[in-house]
Each structure stands twice: as structure tokens, then as C-alpha cells.
Colleague: 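Could you have a look at this structure, given as C-alpha cells, before my questions?
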Amino acid sequence: MSETSSLSKDEICKTLVELGHILEISGSSPFKVRAFANGARALENWQGDLVSLVQDGKVTSIQGIGKGLAGLIEEWVLEGESEAEEEIRSLVPESLLDLLKIAGLGPKKVRVIYEELEIESVDELEEACQENRIQALAGFGQTSENSILKGINNLRRFAGRHLVSQARAVAQRFLDAVKSVPGVERAEVAGSLRRNRETIGDIDVLVGTLDPIPVREAFMSVEGIREVMAEGETKSRILSEEGVGVDLRVVEPVAFAPALHYFTGSKEHNTRLRQRARERGWKLNEYGLWDEEGAALPTPEEQDIFRHLDMAWIPPELREDLGELEKAADLHSRSAEWEPLISEQDVKGVLHCHSTWSDGKATLREMVQAASDLGWVYYGTADHSRTASYAGGLSIEQLAEQRAELEEIRGDFPHMTLLQGIESDILADGSLDYPDEVLAELDYVVVSVHSSFSLPRAEQTARIENALRHPATTVWGHPTGRLLLQRDGYEIDLDYLLSVAAEEKVIVELNAHPRRLDLDWRWGRRVLELGVDIGIHPDAHSTQGLRDVEYGVAVARKMGFNSSQVTNCMNPEEYLKRLNLCHKS
DNA sequence: GCCGTTTTCGGCCCGACTGTTTTCAGTCG
């Protein structure tokens with residue numbers, strides 16, 4: 001056995017993407033390059049235990065991974081390294097990958113810059129631009145040089161991806177501006193924002209009108225544009241002051257639905273749908289759908305595109321080519337439609353909220369009032385437990401005082417079921433943060449990891465399993481501990497722990513905080529298979545934070561869930577019964 | 001490199017914009 005440790009699935013996906021980029025710069029076949037990107041994506045979306053898959057020799061059972069990539073993956077899992085990987089890496093210096101992140105620079109240009117000027121890093125490229133050495137290259141000029149300098153500047157200022165909460169705010173600004181332009185018949189946000197992805201690269205605003213010029217003018221007049229990157233008749237692109245790219249696409253009203261579908265993506269979903277059209281000799285693009293005679297088929301709404309192709313309409317959130325096309329064809333063949341996904345109105349209350357008792361910004365009464373204002377009929381407070389001293393965790397005495405206050409508040413909110421819980425730290429050995437008799441007095445217990453993030457995988461898994469099996473545990477809070485755009489979750493065997501949660505009837509939290517959105521939507525299918533119950537909880541630290549439920553619902557939709565599959569859509573009586581079910585067979 | 005109801009070869013989505021070009025390649029989504 002090698003001393004080198006096995007690579008995780010995430011590391012493998014990242015490496016495959018990198019190798020794809022290296023191949024691209026070194027001039028490999030674009031189809032080979034795409035195969036690496038496809039393979040990375042296929043693996044990312046595959047959920048299960050990779051080590052077992054490798055041991056069973058079934059890696060190629062993942063659609064998009066063939067013999068070549070499977071060989072690499074097997075080496076990474078079993079040996080922790082790969083000769084084939086080293087061969088690819090030796091093709092070009094690794095630092096060239098950074099150059100690809102500069103807007104306007106693709107593999108071909110990076111290759112020229114490297115081969116002609118031996119430039120290998122962003123710093124060297126910047127220097128070369130300043131010395132006007134780039135404009136001398138074939139295919140480059142004065143303008144390219146300036147745009148590269150701008151690109152370097154932007155690269156250093158902005159990381160590239162954005163939280164959904166920020167993206168939605170920016171998108172609204174631009175959408176409002178174009179919607180009010182006379183002659184605009186329809187306007188919508190498309191892209192990954194419409195698909196409810198957990199982070200957003202850039203924003204796509206789509207407008208249907210016969211008069212594109214005033215739309216472009218309105219778009220360009222929105223407050224907070226840092227830079228105009230492209231400005232054409234039907235397509236423009238700006239960089240907002242927040243560092244978010246915003247694309248404007250203008251089409252004639254008759255093409256709005258096909259364009260909305262096209263710009264919603266995903267790319268993979270679109271490719272498959274286009275292939276379906278091609279199979280019958282038809283043509284599908286952002287302007288419409290044409291039959292084998294070249295006659296346009298009417299597509300006033302997205303539904304019509306799918307209908308012509310013998311499919312049920314697919315909710316935008318599910319368009320990731322993860323089986324939704326097959327399901328839509330099946331539904332159509334049975335004259336059925338997609339069951340409506342969960343919506344915000346279905347949520348009847350939440351657990352896991354904080355107050356000034358620990359590190360929240362609003363008092364318990366203010367939080368209850370805000371929950372009532374949102375129309376919820378139950379509310380649970382779950383402040384931090386005593387070990388979380390950094391967050392003002394509650395002592396045993398404070399728990400009793402809080403219970404008294406909650407009793408008082410109950411009198412003023414007779415229409416609400418108010419619950420006292422706690423967010424108990426899972427201690428390093430997997431035990432909870434209070435004696436059993438104290439925990440037993442609470443209505444529910446959320447267990448969460450807030451420390452010792454870097455335990456080895458087996459230890460971390462055992463630690464959390466311990467907590468999940470504790471008789472007082474009702475909810476598993478932010479299961480992986482990831483912080484989007486900041487850090488990955490701790491190393492755990494999530495598949496196993498979800499099965500433990502299912503067995504113990506512990507509710508798994510879908511933490512709705514836009515920086516968490518934890519559990520990841522990709523586990524949705526597995527959650528259903530295992531029969532795990534999910535609860536959408538905002539982890540709110542202010543009254544405003546309660547509204548984050550919006551983002552949790554968005555993720556639940558992306559998981560394909562309807563309201564009957566989310567515990568806090570139950571009415572209060574059912575919900576209390578469900579909380580009492582934990583650990584009972 | 002992946003895939004296969006045209007299955008071991010020969011395909012692999014396609015259109016807008018930009019900049020550098022005299023008609024198009026590269027990038028991007």
C-alpha cells in the first residue's frame with residue numbers, strides 16, 4: 001500500500017477540471033477537453049460512496065465517465081496519485097491556469113502568450129502589458145492589452161461567484177429598470193439564478209420587445225455599473241459595482257419563451273433537449289423550434305416547447321440533466337404533469353432561531369412577533385448551548401429563565417405554538433452539551449458541530465453518529481458545516497450519517513442561511529431514497545434573518561421536493577407528533 | 001475522452017459580440 005492518502009470526491013472533481021484546462025491550453029482536442037469537464041460534473045452530481053464504487057470496479061457506471069477517466073479516478077482513490085495526471089500536468093506550467101480566469105483570455109490566447117513571450121503568471125502578464133509587449137503579438141492589439149489589464153484588476157478585486165442573496169438583489173435592480181421601459185412585453189431573470197443554484201456566477205436578464213434600443217439604454221442607466229464589457233443591439237454585458245456580471249439579452253416577444261428556456265439552462269439540459277429535437281430532424285435554438293420542413297412551431301410559453309417534444313414542462317430548478325428529461329417524457333406519455341414543488345407559502349413555522357439570549361440581535365419577543373407577522377403558526381427558539389461561550393451560550397439557569405419568558409410571551413400569541421429548544425454543540429466526543437435531564441425538559445434539540453472541524457473522517461463521522469443516536473436529539477443542524485465561498489464542510493461519511501438519521505428518525509436540517517444552504521441540494525435524491533425527513537430552518541440571528549427561509553425553500557425546490565416532503569409544512573398538531581417520534585421505531 | 005435503437009467509428013449545440021482582421025478566430029454563455 002502506498003503511503004499517500006486517498007483523494008476525496010471533491011478533490012478529484014477539482015483535479016479533473018484543472019486537467020481539462022491544461023489540455024485545453026496545450027491544444028488537445030476540444031472534445032477531449034469537454035470529456036474531462038463532463039466527467040468532473042458527472043462525478044460531482046453522483047452521490048454515494050466512491051471508495052466502494054472503485055472497489056467494485058464500477059466507476060464507468062457513472063454516465064460520462066469511461067475507461068480513461070475511470071483509470072484516473074481509481075488511481076486517485078487507491079493510490080492517492082496518478083502517473084497519467086503527472087503526464088498531463090507536465091504539458092504546460094500550472095500557473096497558466098490563473099491566466100484563464102482573466103475575462104477575454106481563453107486557452108488559445110493564453111497559449112500564444114506563453115509560447116511567444118514565455119509568460120507564465122498573472123504578474124508577468126501585467127508587466128508585459130505595461131511594457132506594450134502584448135500588442136505586438138499576432139491577434140492582439142492595443143485594445144486587448146487594455147482589456148487584459150482591466151481583467152487582471154477585476155480578477156484581483158472579485159472572486160467570481162456570489163451568494164444567491166446578493167445576486168437576487170442585484171438582479172432585481174436591473175430587472176426593475178428594464179421592466180418599466182415602454183414597449184417591453186415581458187422581462188425575466190434567467191440563468192442559474194432562475195435555476196436556484198446555491199451560488200451564482202453571473203446574472204442573465206431577458207427582455208421581450210420589438211424595440212431593443214431603449215431597453216439597452218435603461219439597462220446602462222442603472223445605478224452601480226462598474227464597467228461596460230459589451231454593448232450590442234441585442235446583447236450587452238456589464239460588471240456591477242458588487243463585482244457581479246449582468247448580461248442583458250433582448251429578443252422579439254415571439255421568441256421570448258424559447259429564449260427564456262435557452263438562457264435558463266443548464267447548458268447540459270439544453271444540449272440534451274436540442275439533441276431530442278435533432279433526433280426528429282427539428283431545430284431548437286434561442287429563437288424558436290422548427291420542424292423538418294423548416295416551419296416554425298408556435299411556442300408562446302415554455303410549456304409549448306416541451307409539449308412539441310412530447311414532454312411535460314420541467315420546473316427551471318430541475319434543469320440540470322439529472323434525470324428530469326426522462327421523467328418529463330414519462331409524465332407526458334401518461335398525460336401527467338409535474339407535481340407542484342414546495343413554495344414559501346407552504347412553510348408553517350420554523351425551528352432553529354436565535355435571540356438576544358445568545359448571539360441573536362433581536363429579543364425573543366421580537367422574533368416571535370416577526371414570525372407571527374410572516375403568518376407562521378409555530379416558532380421554536382434554539383439559542384446556543386453553554387460550551388459556545390463565543391456566542392453567549394445559555395447556562396442551565398438561563399435555560400429555565402428563558403422558559404419562563406417564553407411562557408409569558410405565549411399569553412400574547414395564543415394563535416401560535418411556541419417551542420423552546422436549544423442548538424446544542426456536539427462536543428468533540430459526540431456527547432451533547434447538557435445533562436440528559438436538562439435536555440429532556442426541552443421541546444426539541446438541534447445538534448450541530450461548531451468546533452474540531454478537522455477531525456479525521458472516521459472520527460468525525462463517529463462523533464456525529466453519537467450525537468444523532470442521543471435520545472434527546474430531534475434535529476441535525478447544518479449537517480456538513482460548509483460555508484459557501486469560504487470553506488468546505490468537515491470530512492464525514494454523509495451517506496452513512498443520513499442513514500443513521502433515517503433510522504433514528506432525526507430530522508435533517510436544510511439550513512436556509514444563504515451562506516450555508518446545507519444540506520446541499522445534490523443530496524435530495526438520496527434523502528428521498530433513504531426516507532430521511534427534512535426541515536427548512538433559517539438559523540436566524542435577527543428578525544430579517546427569518547426571511548432566509550426563502551433561500552431554503554429555493555434549495556428544497558431544487559431537490560425536487562413538494563410540501564409533503566418537508567416537516568415544517570405540517571400543521572402544528574402533526575408537527576408536534578413528528579418531533580416526538582424521534583428514536584422510536 | 002465518451003458514447004451507441006445509424007454501436008467499435010465518427011460524431012460531439014450554436015449564436016452574439018469583440019477585436020483584429022480584409023473575411024474571421026477567439027471567447028463567452
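Letters go in sequence order (proteins before strands), and every chain restarts at 1.
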Colleague: In terms of side-chain heavy atoms of Leu69(A), which of dG1(B), dG15(B), dC14(B) is nearest?
Modeller: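 In terms of side-chain proximity for Leu69(A), the closest of dG1(B), dG15(B), dC14(B) is dG1(B).
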Colleague: Applying a 4.0 Å non-hydrogen cut-off, can you work out what Ser28(A) is touching in the nucleic acid: base, sugar-phosphate, or nothing?
Modeller: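 Nothing, no heavy atom under 4.0 Å.
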Colleague: Which whole-number value in Å describes the distance from Arg272(A) CZ to dC3(B) P?
Modeller: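 Taking atom P of dC3(B) as the reference, CZ of Arg272(A) is at 12 Å.
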Colleague: What nucleic acid atoms does Phe263(A) come within less than 4.0 Å of, heavy atoms only: base, sugar-phosphate, or nothing?
Modeller: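 Phe263(A): no heavy atom of the nucleic acid under 4.0 Å.
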Colleague: Could you please name the option among dC14(B), dG1(B), dA16(B) that lies closest to any side-chain atom of Lys235(A)?
Modeller: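 The answer is dA16(B), which lies nearest to the side chain.
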Colleague: Picking from dT20(B), dT27(B), dC3(B), which would you name as closest to the side chain of Thr143(A)?
Modeller: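 Nucleotide nearest to Thr143(A)'s side chain: dT20(B).
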Colleague: What nucleotide, of dT20(B), dC3(B), dG26(B), holds the atom closest to the side chain of Ser144(A)?
Modeller: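 Of all the options, the side chain of Ser144(A) is nearest to dT20(B).
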Colleague: Classify Asp202(A) by what it touches in the nucleic acid, base, sugar-phosphate, or nothing, heavy-atom distance under 4.0 Å.
Modeller: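 Sugar-phosphate, no base atom in range.
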Colleague: Which part of the nucleic acid does Pro30(A) contact within heavy-atom distance under 4.0 Å: base, sugar-phosphate only, or nothing?
Modeller: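 No contact at all - Pro30(A) keeps every heavy atom at 4.0 Å or more from the nucleic acid.
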Colleague: Mapping Asp204(A) and Glu231(A) onto DNA chain B by nearest heavy atom, which one lands closer to the 5' end?
Modeller: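 In this pair, the answer is Glu231(A).
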Colleague: Please pick, from dT27(B), dC17(B), dG15(B), the nucleotide with the shortest atom-to-atom distance to any side-chain atom of Asn285(A).
Modeller: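 The nucleotide sitting nearest to the side chain is dG15(B).
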Colleague: Would Arg334(A) and Asp330(A) pass as an ion pair if we require N to O under 4.0 Å?
Modeller: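 Answer for the salt bridge query: yes.
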Colleague: Heavy atoms from C-beta onward define the side chain here; which of dG1(B), dC3(B), dG29(B) lies closest to that of Arg237(A)?
Modeller: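 When the side chain of Arg237(A) is considered, dG29(B) is the closest of dG1(B), dC3(B), dG29(B).
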Colleague: Do the charged groups of Arg41(A) and Glu268(A) touch, with an N to O distance under 4.0 Å?
Modeller: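 Looking at Arg41(A) and Glu268(A), the cut-off is met.
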Colleague: Between Leu100(A) (CG) and dC28(B) (C1'), how many Å, whole number?
Modeller: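 Leu100(A) atom CG is separated from dC28(B) atom C1' by 13 Å.
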Colleague: Once you apply a heavy-atom cut-off of 4.0 Å, does Glu24(A) come out as touching a base, just sugar-phosphate, or nothing?
Modeller: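 No contact at all - Glu24(A) keeps every heavy atom at 4.0 Å or more from the nucleic acid.
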Colleague: Could you measure between the two C1' atoms, the one in dC3(B) and the one in dT8(B), and give it in whole Å?
Modeller: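 Those two atoms are separated by 10 Å.
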Colleague: Mind checking Asn270(A) for me? I need base, sugar-phosphate or nothing, with any heavy atom below 4.0 Å counting as a touch.
Modeller: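 Nothing, no heavy atom under 4.0 Å.
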Colleague: Counting the atoms with a prime plus P, OP1 and OP2 as sugar-phosphate, which does Ala103(A) contact under 4.0 Å by heavy atoms, base, sugar-phosphate, or nothing?
Modeller: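 Sugar-phosphate: the residue Ala103(A), judged by heavy atoms under 4.0 Å, touches backbone atoms but no base.
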Colleague: Quick one: are the ring centres of Phe306(A) and His261(A) less than 6.0 Å apart?
Modeller: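 Yes: the rings meet the under 6.0 Å criterion.
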Colleague: Please give the nucleotide sitting opposite dC12(B) as a Watson-Crick or G-U wobble pair, both distances under 3.5 Å, or none.
Modeller: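 When the pairing criteria are applied, dG1(B) turns out to be the nucleotide that pairs with dC12(B).
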Colleague: Report the distance from atom CD of Glu279(A) to atom C1' of dG11(B), rounded to the nearest whole Å.
Modeller: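 Rounded to the whole Å, the gap is 14 Å.
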Colleague: Taking for each residue the nucleotide of DNA chain B with the nearest heavy atom, is it Ser236(A) or Lys109(A) whose nucleotide lies nearer the 5' end?
Modeller: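 Comparing both residues, the 5'-ward one is Ser236(A).
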Colleague: Give me the atom names and distance for the closest heavy-atom approach of Asn196(A) to Lys558(A).
Modeller: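 So the two residues come closest at O-CD, 3.1 Å.
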Colleague: Compare the minimum distances between each of dC13(B), dG15(B), dG1(B) and the side chain of Arg34(A), then state the nucleotide with the smallest one.
Modeller: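 The listed nucleotide nearest to Arg34(A)'s side chain is dC13(B).
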Colleague: At under 4.0 Å, does any side-chain N or O of Tyr287(A) touch on OP1 or OP2 of dA16(B)?
Modeller: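 Indeed, a polar side-chain atom of Tyr287(A) lies that close.
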Colleague: Picking from dC2(B), dC12(B), dA16(B), which would you name as closest to the side chain of Ala35(A)?
Modeller: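 Of dC2(B), dC12(B), dA16(B), dC2(B) is nearest to the side chain of Ala35(A).
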Colleague: Output yes when Arg307(A) and Asp304(A) qualify as a salt bridge under the 4.0 Å nitrogen-oxygen rule, no when they do not.
Modeller: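 Between Asp304(A) and Arg307(A) there is a salt bridge, with a charged N closer than 4.0 Å to a carboxylate O.
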Colleague: Starting the side chain at C-beta, find the nucleotide from dA16(B), dG26(B), dC13(B) nearest to Arg278(A).
Modeller: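 Shortest atom-to-atom distance from the side chain points to dC13(B).
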Colleague: Whole angstroms only, please: what is the NZ-C1' distance between Lys101(A) and dC28(B)?
Modeller: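 Rounded to the whole Å, the gap is 18 Å.
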Colleague: Just call it for Leu105(A): base, sugar-phosphate, or nothing, with non-hydrogen atoms closer than 4.0 Å on any strand.
Modeller: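 Answer is sugar-phosphate: Leu105(A) comes under 4.0 Å of backbone atoms only.
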Colleague: Ignoring the backbone of Lys108(A), work out which of dC14(B), dT27(B), dC17(B) is nearest its side chain.
Modeller: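 Out of dC14(B), dT27(B), dC17(B), the nucleotide with an atom closest to Lys108(A)'s side chain is dT27(B).
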Colleague: Just checking Leu284(A): base, sugar-phosphate only, or nothing, at a heavy-atom cut-off of under 4.0 Å?
Modeller: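 If one applies the 4.0 Å heavy-atom cut-off, Leu284(A) turns out to touch nothing in the nucleic acid.
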Colleague: Let me know the distance between CG of Leu23(A) and P of dC2(B), rounded to the nearest Å.
Modeller: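 It is 12 Å, rounded to the nearest whole Å.
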Colleague: So does Tyr262(A) reach the base of dG29(B) with its side chain, donor to acceptor, closer than 3.5 Å?
Modeller: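 Result: at least one qualifying N/O pair found.
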Colleague: If I take atom CD in residue Glu85(A) and atom P in nucleotide dG1(B), what distance separates them, rounded to the nearest angstrom?
Modeller: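 Rounding to the nearest Å, CD of Glu85(A) and P of dG1(B) are 15 Å apart.
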Colleague: Can you check whether Ser192(A)'s main-chain N or O pairs, donor with acceptor, with Arg197(A)'s side chain at less than 3.5 Å?
Modeller: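 The answer is no, because no donor-acceptor pair under 3.5 Å joins these two groups.
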Colleague: Rounded to the nearest angstrom, tell me the gap between atom CD1 in Ile134(A) and atom P in dT20(B).
Modeller: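 To the nearest whole Å, that distance equals 12 Å.
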Colleague: Hey, does the side chain of Thr234(A) come within less than 4.0 Å of dC17(B)'s phosphate (OP1/OP2), counting only N and O?
Modeller: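 Answer is yes, contact under 4.0 Å.
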Colleague: Test Leu125(A) against Leu99(A) for side chain to side chain contact (heavy atoms under 4.5 Å, CB included), laying out the working first.
Modeller: CA-CA 8 Å; Leu125(A) 178 60; Leu99(A) 302 191; 4.1 Å; yes
Colleague: If every non-hydrogen atom of Ala277(A) is compared with every non-hydrogen atom of Leu284(A), which pair is closest and at what distance?
Modeller: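 In this case the closest contact between Ala277(A) and Leu284(A) is CB-CB, 4.0 Å.
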Colleague: Do any side-chain nitrogens or oxygens of Lys283(A) fall under 4.0 Å of OP1 or OP2 in dG15(B)?
Modeller: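 It does, given that an N or O in the side chain of Lys283(A) lies less than 4.0 Å from OP1 or OP2 of dG15(B).
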